[in-house]
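Order of the sequence lines fixes the chain letters, A, B, ..., with proteins taken first and strands second; residue numbering starts at 1 for each chain.
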2 protein chains.
Amino acid sequence: MNFQQLRFVREAVRRDFNLTEVANALYATQPGVSRAIKELEDELGVEIFERRGKRLTGLTEPGAALLEVVERVLLDTSNLRQIAAQFSGSDQGSLQLATTHTQARYALPQVIKQFKAAYPKVHLGLHQANPVQIAAMVIDGRADIGISTEALDRFPERITSPCYDWHHSIIVPAGHPLESVKPLTQEAIAEYPIITYDEAFTGRSHIDEAFAAAGVAPDVVLTAIDADVIKTYVDVGLGIGIIASMAFDATRDQTLRLLDGAHLFASNTTRLAVRRGKFLRGYALQFIRMFAPTMSEAELTAAMRANDP
Amino acid sequence: MNFQQLRFVREAVRRDFNLTEVANALYATQPGVSRAIKELEDELGVEIFERRGKRLTGLTEPGAALLEVVERVLLDTSNLRQIAAQFSGSDQGSLQLATTHTQARYALPQVIKQFKAAYPKVHLGLHQANPVQIAAMVIDGRADIGISTEALDRFPERITSPCYDWHHSIIVPAGHPLESVKPLTQEAIAEYPIITYDEAFTGRSHIDEAFAAAGVAPDVVLTAIDADVIKTYVDVGLGIGIIASMAFDATRDQTLRLLDGAHLFASNTTRLAVRRGKFLRGYALQFIRMFAPTMSEAELTAAMRANDP
DNA sequence: TATCCTTACGGAATTCGTAAGCATG
DNA sequence: CATGCTTACGAATTCCGTAAGGATA
């Protein structure tokens with residue numbers, strides 16, 4: 001048994017049991033992967049993969065049981081390197097963040113600026129993705145930290161902690177009739193064509209729920225993934241926008257007006273996620289402290305130690 | 001990084017940093033061990049071991065941090081083999097029990113007989129040791145299951161569960177004056193020379209506590225590790241004995257009388273211990289169910305899954 | 001001086017890639 | 001017939017033991 005075999009097995013699962021892809025991904029040749037896996041199966045005395053003819057089609061039952069432990073072993077070997085790097089004193093390293101547009105654009109810049117000043121030698125990677133992809137990236141190790149509002153729960157492999165709450169608000173072109181409607185209601189808003197986030201993004205579900213609860217059917221004429229696009233089309237006069245409040249910048253967006261929507265939409269919580277059992281370098285912990293001071297030290301060490309994939 | 005290097009590191013710690021011993025224990029040569037460790041240190045970029053001149057003297061700080069994860073990796077690789085063996089369907093295998101004389105002699109025989117009937121092909125190893133050794137054997141993997149009354153707690157690496165309660169009683173030669181003393185008190189017992197267990201064995205501490213609580217200083221003339229020896233000397237007339245009740249066999253011990261001591265000594269709980277995070281074969285779980293039916297299935301799976309060394 | 005670790009060298013074993021063969025969809 | 005796994009062979013690398021050297025208690 002060796003680490004290479006375990007890596008091949010893990011990658012085979014991730015790459016949908018295509019050993020050619022595994023070979024490419026791990027800089028090996030396909031016959032090498034094929035043989036390594038077979039040797040591991042021989043040594044353990046069980047078939048790890050289901051095979052139809054010569055093709056692998058899935059995990060066997062023992063394979064699934066083994067995979068769980070294989071994942072943990074590989075995570076731990078990566079942890080060994082991280083721990084060593086931590087002690088080798090160098091403040092060099094890499095920190096990969098996976099996050100959505102909204103966070104990257106409006107919430108993270110200040111923190112990242114602060115972080116870069118503190119750790120100039122750390123290579124910071126910012127990966128923009130949708131919440132589901134973010135979750136996957138945290139779990140498989142491509143990202144050290146995930147930051148997102150939706151779909152970050154429901155995976156035992158991840159530990160999440162709330163960073164801050166926010167809510168949606170309305171943006172309208174300056175001089176719009178809605179500016180004088182007080183209090184603002186879902187009904188009043190639904191009078192106008194609406195531009196807002198794409199499904200599965202930036203708390204969109206809470207917007208839909210708010211209208212449904214009020215018994216109103218909004219006319220969503222355009223959806224976008226980020227507030228910049230939404231603002232652009234509101235500016236053009238295509239309709240009114242519903243965006244995260246923090247995405248409005250009074251200085252920059254002088255042609256628009258923000259109408260507070262705290263009472264209209266359920267609040268959203270932006271959460272930060274780390275892989276359970278993954279060792280985090282000192283600077284990664286520091287980043288978390290900067291961005292999510294609510295995450296207690298106890299929670300953090302628990303996240304790094306606990307290991308129950 | 002390879003498994004061999006990790007094994008060498010772990011064994012070096014266990015063997016008090018003597019690489020020559022490590023080499024012998026793991027069927028390798030001393031230069032091989034030496035080089036493997038150095039290569040690992042080079043790869044990780046940190047010194048794992050403290051060195052005074054050419055000798056290893058202990059773990060460095062990073063070494064200690066790494067060791068924790070190394071242990072888990074090695075435990076998990078052993079788990080991989082166990083899981084595979086579990087599924088390869090064979091009911092062959094090995095089950096190593098570590099236990100004290102009292103358990104081996106009086107509590108285990110019935111269970112082991114039953115177990116052997118159910119799993120004739122499993123090689124059963126019974127290792128008699130003192131409670132501290134038993135704890136160590138469970139932790140370092142020499143034993144799959146530890147059974148003992150004292151000193152089985154206080155290690156986060158182990159999960160223990162109570163099996164059954166028992167208490168100490170008095171044995172006297174037939175016709176002894178104590179037979180007619182009712183109720184029996186610590187004071188009455190302390191009138192006679194006492195033969196009982198050695199310190200750190202079979203609940204001895206509870207005996208001492210009972211006398212101390214009663215303000216009596218017993219005259220312990222002889223201590224032994226097992227009840228058979230105690231009974232022998234009671235038979236010879238050296239004094240009265242205090243032994244675990246279950247160690248008295250009315251049929252076999254016809255020259256002796258058992259005087260119940262339930263009201264005199266605090267009860268003892270025999271506990272079973274397994275290594276946290278260690279995968280247990282089906283027959284091992286079955287053994288536990290036979291011997292400690294109080295240990296819930298949930299507790300068992302938790303023990304096998306959780307992994308926080 | 002005995003114990004214990006390191007370095008140097010050479011052989012053994014393992015690993016891995018190339019090329020050819022064969023099954024699947 | 002294109003994709004994907006297997007087998008065969010040979011090269012490169014890695015691993016590991018023996019032998020000699022040097023430090024420590």
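- Heavy-atom neighbours of A:E43 CD from other residues, nucleotides or ligands within 6.0 Å: above the threshold of 12.
- Around the CD atom of B:E50, the shell of radius 6.0 Å holds more than 12 heavy atoms that belong to other residues, nucleotides or ligands.
- Between the P atom of D:dC15 and the CZ atom of A:F3 lies a distance of 12 Å, rounded to the nearest Å.
- Test B:L80, B:D76, B:L75, B:I83 against B:F279 for side chain to side chain contact (heavy atoms under 4.5 Å, CB included) and you get one pass: B:I83.
- Taken from OG1 in A:T20 to CD in A:Q30, the straight-line distance is 4.5 Å, to the nearest 0.5 Å.
- Look at CD on B:Q5: it is 7 Å from P on D:dC15, rounded to the nearest Å.
- Separating the CZ atom of A:R51 from the C1' atom of D:dG4 is a distance of 13 Å, rounded to the nearest angstrom.
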Problem set entry | Trace of the side-chain contact (heavy atoms from CB on, under 4.5 Å) decision for A:L280 with A:Q82 | CA-CA 7 Å; A:L280 295 170; A:Q82 294 301 314; over 6 Å; no
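- Rounded to whole Å, atom C1' of C:dG17 lies 17 Å from atom OH of A:Y27.
- The distance from atom OG1 of A:T100 to atom OH of A:Y197, rounded to the nearest 0.5 Å, is 9.0 Å.
- Within residues 52-65 of chain B, the residues having any heavy atom under 4.0 Å from DNA chain D are, by residue number, B:R52, B:G53, B:K54, B:R55.
- Interatomic distance, B:N130 CG to B:D198 CG, rounded to the nearest 0.5 Å: 9.5 Å.
- As rounded to whole Å, 14 Å separates atom P of C:dT14 from atom CG of A:D42.
- Nucleic acid contact class of B:A28 (heavy atoms, under 4.0 Å, all strands): sugar-phosphate only.
- Between A:R105 and A:D228 a salt bridge is recorded (basic side-chain N to carboxylate O distance below 4.0 Å).
- Rounded to whole Å, atom P of D:dT7 lies 14 Å from atom CD1 of A:I37.
- Here the OG1-CZ distance, from B:T102 to B:F201, works out to 8.5 Å after rounding to the nearest 0.5 Å.
- Distance B:M1 CE to D:dC15 P: 13 Å, rounded to the nearest Å.
- The stretch residues 7-23 of chain A touches DNA chain D through A:F17, A:N18, A:L19, A:T20, each having a heavy atom under 4.0 angstrom from the strand.
- Following rounding to the nearest Å, A:E47 (CD) and D:dC5 (C1') show an atom-to-atom distance of 14 Å.
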What does the list of N/O pairs under 3.5 Å between the protein and nucleotides 7-9 of chain C look like, with a distance for each?
{"unit_1": "C:dT7", "atom_1": "OP2", "unit_2": "B:K38", "atom_2": "NZ", "d": "3.1"}

For this session: Mind running side-chain contact (heavy atoms from CB on, under 4.5 Å) on A:R142 and A:H127 for me, showing each step along the way?
Result: CA-CA 10 Å; A:R142 275 172 296 165; A:H127 303 275; over 6 Å; no
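- Side-chain contact annotation: B:T57 with B:R52, donor-acceptor N/O pair under 3.5 Å absent.
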